[in-house]
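Reading through the structure tokens given below for one structure.
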Amino acid sequence: MLPTTEPRPPFDITRASHVSLTVRDLGASRDFYRDVIGLVVTEETRDAVYFRGLEEAVHHSLTLYRTDGAPLADRVGFRVATDEDIDLAEDHFRRTGVPHRRVEKPFQGPTLQFTDAVGTHMEFTSSMDVVDRRMQEFHEYRAGSPQRIDHFQVVTHDVQASTDFWAGLGMRLSEFTAKDGTDELWGTWMEVKGNTHDLVFTNGRGPRLHHFAYTVPDASSLIHAADVAGSLGFGEEIDRGPGRHGISNALFLYLRDPDQHRIELFTTHYQFIDLEAPPIRWEISNPRRSQVWGMPASRRWFFEASEFADEPVHEPLLSATPATLEDYLALH
Ligand SMILES: [Fe+2]
């Protein structure tokens, strides 16, 4: 069933803003995100590295923490409009029984961590320390020249529950994938900032973080990122693309980092500003939803993702699997 977006949500979420991961070799992962992806290193400590995109004017959009254990997804972060929205979110979660806690995080304003309806580890913050934009330091552009963080994709066992939760907080549905001939949701693309998505949920074993995504200036930046990945020994870590998504109309490239966390680089989506238009529906059997041309994604892309710490993974409620590259090759 399509969700009902709350037109006057209890607090004001403004955009997808930051993500944190744990990694086993901080130096190797720093080199990957700086040299193979092209992110700017804002700050480096013994146990953490903070990155931002070239046009971002705040301290970080990606944080890596050192771990001696298994590499995991740590937090998926959104921005809210003001400090008061953090208070309002706290009140709302207290009233509605959503697990939450206030935390102090370096370089961030008031921060509220919580677990959403399907177990995704999330946080809201209202501000970050301001730093300089590097977007016109063209001599510093390297690899994909990532400009800004854009969205997150989370695998969940219950797409309906996650979509209803976030629509209740004001997120709008731009596109969705349904099991053929039914209104059962396989995937939902939801937004608050004006392009097609800030947050995506797809059906599968979850909660797990499938990927986070940065925009790049143009198609040649994607190709250059692929070339750089190849020349620095990460050619095997391109696990999809370049290609063109039907959903959102983006040119994309997906890479795996040294711990197999997945990052997407993509040319930007269309603007989602005709709000009276219905969300675009795709059937799971239609390969154009996932790629307009070229071959389907591999099993590796569809089924591998990063777990969250101490969060049990559930088998999906919906039984519907898109065709993979392996299926395609077996049939042709
Ligand atoms: Fe994406």
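Remember, it's 1-based here, ligands and their atoms both numbered in the order they're listed.
Not counting sequence neighbours, W189 has no partner by the side chain to side chain donor-acceptor pair (under 3.5 Å) test. For F234, the ring pair (Phe, Tyr, Trp, His ring centres under 6.0 Å) criterion is met by F32, not counting sequence neighbours.
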May I have the step-by-step check of side-chain contact (heavy atoms from CB on, under 4.5 Å) for Y214 and R148, ending in yes or no? CA-CA 5 Å; Y214 279 84; R148 62 184 179 277; 5.5 Å; no
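In this pair, F78 and F152 present their aromatic rings perpendicular. The plane angle is above 60°, beyond the 30 to 60° band. Between H211 and W301, the angle of the ring planes lies from 30° to 60°, which puts this pair in the tilted group.
Pairs of residues two or more places apart, or lying in two chains, that qualify as salt bridge (Lys or Arg N to Asp or Glu O under 4.0 Å) and include a residue from residues 164-175 are R172-E191.
Atoms of the protein (N, O or S only) found under 2.8 Å from the Fe ion (ligand 1) are H151 NE2, H211 NE2, E264 OE1.
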